[in-house]
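The chains referred to below are lettered A, B, ... by the order of the sequence lines, with proteins before strands, and numbering in each begins at 1.
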Number of protein chains: 2
Amino acid sequence: MARTVAFDLDEAIEKALDVFWEKGFHGTSMRDLTTAMQINSSSLYNSLGDKHQLFLECLRYYTRKRRTLLEQRANAFDSPREALESFINEVAEVVIKDANGCFAIKTAFEVSPNDRTIQTLLRDDNDFTHTFLSTLIQSAVKKGEMAASTNAGLVADYIISTYTGWYELYILHKDPLKIKKLAQFMIEQVLH
Amino acid sequence: MARTVAFDLDEAIEKALDVFWEKGFHGTSMRDLTTAMQINSSSLYNSLGDKHQLFLECLRYYTRKRRTLLEQRANAFDSPREALESFINEVAEVVIKDANGCFAIKTAFEVSPNDRTIQTLLRDDNDFTHTFLSTLIQSAVKKGEMAASTNAGLVADYIISTYTGWYELYILHKDPLKIKKLAQFMIEQVLH
DNA sequence: CCTTTTCTAAAACAATCGTTTCAGAAAAGC
DNA sequence: GCTTTTCTGAAACGATTGTTTTAGAAAAGG
């Protein structure tokens, strides 16, 4: 009945995400996007909407992918305490790898304060991570791997807010060892 | 000999800082700035330079002011441990007060990855805070207020990176109690 | 007061912004 | 293979971007 779209939507979103990730929302122009995505602006507006809608789509793509990874990780360990330790170490690895920091955190600071939709999306994503960590911590407590007095929700927030700072520290200092030491120190501090 | 500038430079910088703080570097236009500063763009370029130079001036103004506050605080306590505790609690208060988060942290994520000058400026500011906290921690150790085994530099980095995350958490959740609980938890965890 | 210098206001600058238009190409059902 | 529908490419849209120009106002020293 009608012509079909000539490009892969997910691939296009991935490429747009790369640009937004590097340059931020306001630092990215539609020309930057169409160049990276290798599609015409009319096709872009036709299939994905305007700049803001595209940004939202990228953010959803990013958070969705991260959730999948998170869930896969949770199932790879018998010991919840080991799962937590592995989670923290893996975050440290990602911090060192991502030259531009975490896209969600960058967006939280750049866009969230003036954009309710994005704030809500990121809050929900944050809540997901929070639930994920809380559950692990509760399991660890039940198994006697962590102190019975542990406040799971509080410790989950504590972990989340601590590694957010690692991104800033790494952007400013580019010192991988510093991040790894901080990860090790947090493990000693929190998981007892 | 010649005409004098008709506006107060520091006042103008403060107003520019407010705008940059709320909207970020790329989200702020020169019209936004001249409107808020209530000066003509020719006067602005004449006295402070272009957008990037003005931004740098705002960032220097912000970090300088914060350093002054930091040093005042250090001298207000006899006990270094109490000074640290007060520092952490005060950070929590500031996090809750600043609707847009810390200007330095916002800038670290938005601009630093693509701007060496600003990255260096923020790194130096970070180093200053790091030295400030390290010194306090070392004093606390000497006075027997903290464990002798304490690694002052590491704990300083740990404190800095933890409260960075509070800003993100507060932007997303707007929950003052959560921040205060995290501050209290950090005090219990770190200052023993 | 007059000269010198530097300021300010308004307008204009080219460039780029996000977005739309329009003519035509391409795919699928009949 | 024609029709219908939707896509694509190139060009263009007005608006806004950061910055500069120009004409004139204002301050200070001689």
Side-chain angles (χ1 to χ4, degrees), chain A residues 1-61 106-107 110-111 114-118, chain B residues 1-60 106-107 110-112 114-118:
Chain A
M1 203 138 97
R3 192 177 172 178
T4 51
V5 186
F7 61 94
D8 185 278
L9 255 176
D10 269 8
E11 271 184 36
I13 289 174
E14 271 183 48
K15 285 175 182 167
L17 170 59
D18 286 341
V19 183
F20 277 132
W21 199 337
E22 186 200 334
K23 303 192 172 190
F25 179 77
H26 288 110
T28 301
S29 73
M30 291 305 283
R31 262 86 173 177
D32 291 336
L33 292 165
T34 50
T35 301
M37 299 164 82
Q38 299 199 58
I39 61 173
N40 194 275
S41 60
S42 63
S43 302
L44 177 53
Y45 276 83
N46 211 17
S47 56
L48 285 159
D50 63 17
K51 191 187 180 187
H52 190 263
Q53 290 174 302
L54 174 59
F55 188 81
L56 265 174
E57 218 54 61
C58 291
L59 201 53
R60 288 202 196 94
Y61 182 91
K106 281 191 75 158
T107 302
E110 192 205 343
V111 189
N114 305 306
D115 189 318
R116 190 68 64 89
T117 308
I118 285 174
Chain B
M1 204 140 94
R3 192 175 171 180
T4 50
V5 186
F7 61 94
D8 184 277
L9 254 176
D10 269 8
E11 270 183 36
I13 289 173
E14 270 183 49
K15 285 175 182 167
L17 170 59
D18 285 341
V19 183
F20 276 132
W21 198 339
E22 187 200 333
K23 304 192 170 191
F25 179 78
H26 292 293
T28 300
S29 74
M30 292 304 282
R31 263 85 174 175
D32 291 336
L33 292 165
T34 50
T35 301
M37 299 163 83
Q38 299 199 58
I39 61 173
N40 193 276
S41 61
S42 63
S43 302
L44 177 53
Y45 276 83
N46 212 17
S47 56
L48 286 159
D50 64 17
K51 191 187 180 186
H52 190 264
Q53 290 173 303
L54 174 59
F55 188 81
L56 265 174
E57 218 54 61
C58 292
L59 201 53
R60 287 201 197 96
K106 281 191 74 158
T107 303
E110 191 205 342
V111 189
S112 276
N114 306 305
D115 189 318
R116 189 69 65 90
T117 308
I118 285 175

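In this structure, A:Arg3 places its CZ atom 8 Å from C1' of D:dT6, rounding to the nearest Å. One interatomic measurement links the two molecules: CG of B:Leu9 to C1' of C:dC7, which rounds to 13 Å at whole-angstrom precision. Residue B:Leu44 contributes atom CG, which lies 10 Å from atom C1' of D:dT19 at whole-angstrom precision. Between A:Asn46 atom CG and C:dG24 atom P the separation is 19 Å, expressed in whole Å. Atom CG in A:Asp8 sits about 12 Å away from atom P in D:dT8, given to the nearest Å.
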Subject >> Trace of the side-chain contact (heavy atoms from CB on, under 4.5 Å) decision for B:Lys51 with B:Phe25 >> reply: CA-CA 9 Å; B:Lys51 191 187 180 186; B:Phe25 179 78; 3.9 Å; yes
Subject >> side-chain contact (heavy atoms from CB on, under 4.5 Å) between A:Met30 and A:Leu44, intermediate numbers included >> reply: CA-CA 10 Å; A:Met30 291 305 283; A:Leu44 177 53; 3.6 Å; yes
**OP:** Apply side-chain contact (heavy atoms from CB on, under 4.5 Å) to the pair A:Leu56 and A:His52, showing each step before the final yes or no.
**Re:** CA-CA 6 Å; A:Leu56 265 174; A:His52 190 263; 4.0 Å; yes
**OP:** Please report the C-alpha distance between A:Leu54 and A:Phe20 in whole Å, then the side-chain angles of each, then the deciding distance to 0.1 Å, and finally whether the side-chain contact (heavy atoms from CB on, under 4.5 Å) criterion is met.
**Re:** CA-CA 10 Å; A:Leu54 174 59; A:Phe20 277 132; 4.1 Å; yes
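When only modelled atom types and interatomic distance are considered, B:Ser43 and B:Asn46 share no side-chain donor-acceptor pair under 3.5 Å.
The gap from the C1' atom of C:dC13 to that of C:dC17 amounts to 16 Å, rounded to the nearest Å.
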Original post:
What pattern of brackets, bars and dots sums up DNA chain D from 5' to 3', given Watson-Crick or G-U wobble pairs under 3.5 Å, [ ] for crossing pairs and | for another strand?
Top reply: ||||||.|||||.||||.|||||.||||||
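Between atom CG of residue B:Asp18 and atom CH2 of residue B:Trp21 there is a gap of 7.5 Å, rounded to the nearest 0.5 Å. To the nearest 0.5 Å, the span separating CG on A:Leu17 from CG on A:Asp10 amounts to 11.0 Å. In this structure, CD1 on B:Ile118 lies 9.0 Å from CD on B:Glu110, to the nearest 0.5 angstrom.
DNA chain C is contacted by no residue of residues 47-57 of chain B, taking any non-hydrogen atom closer than 4.0 Å. For DNA chain D, the residues of residues 26-42 of chain B within the heavy-atom distance limit of 4.0 Å (strictly under) are B:Thr28, B:Ser29, B:Met30, B:Arg31, B:Ser41, B:Ser42, sorted by number.
OP1 or OP2 of D:dT8 lies within a sub-4.0 Å distance of a side-chain N or O belonging to A:Ser43.
Between B:Phe55 and B:Thr107 the shortest side-chain heavy-atom distance falls below 4.5 Å.
Side-chain atoms of A:Asp32 come within 3.5 Å of backbone atoms of A:Ser29 as a donor-acceptor pair (strictly under, hydrogens ignored). Looking only at distances, a side-chain donor or acceptor of B:Asn114 sits under 3.5 Å from a matching main-chain atom of A:Glu22.
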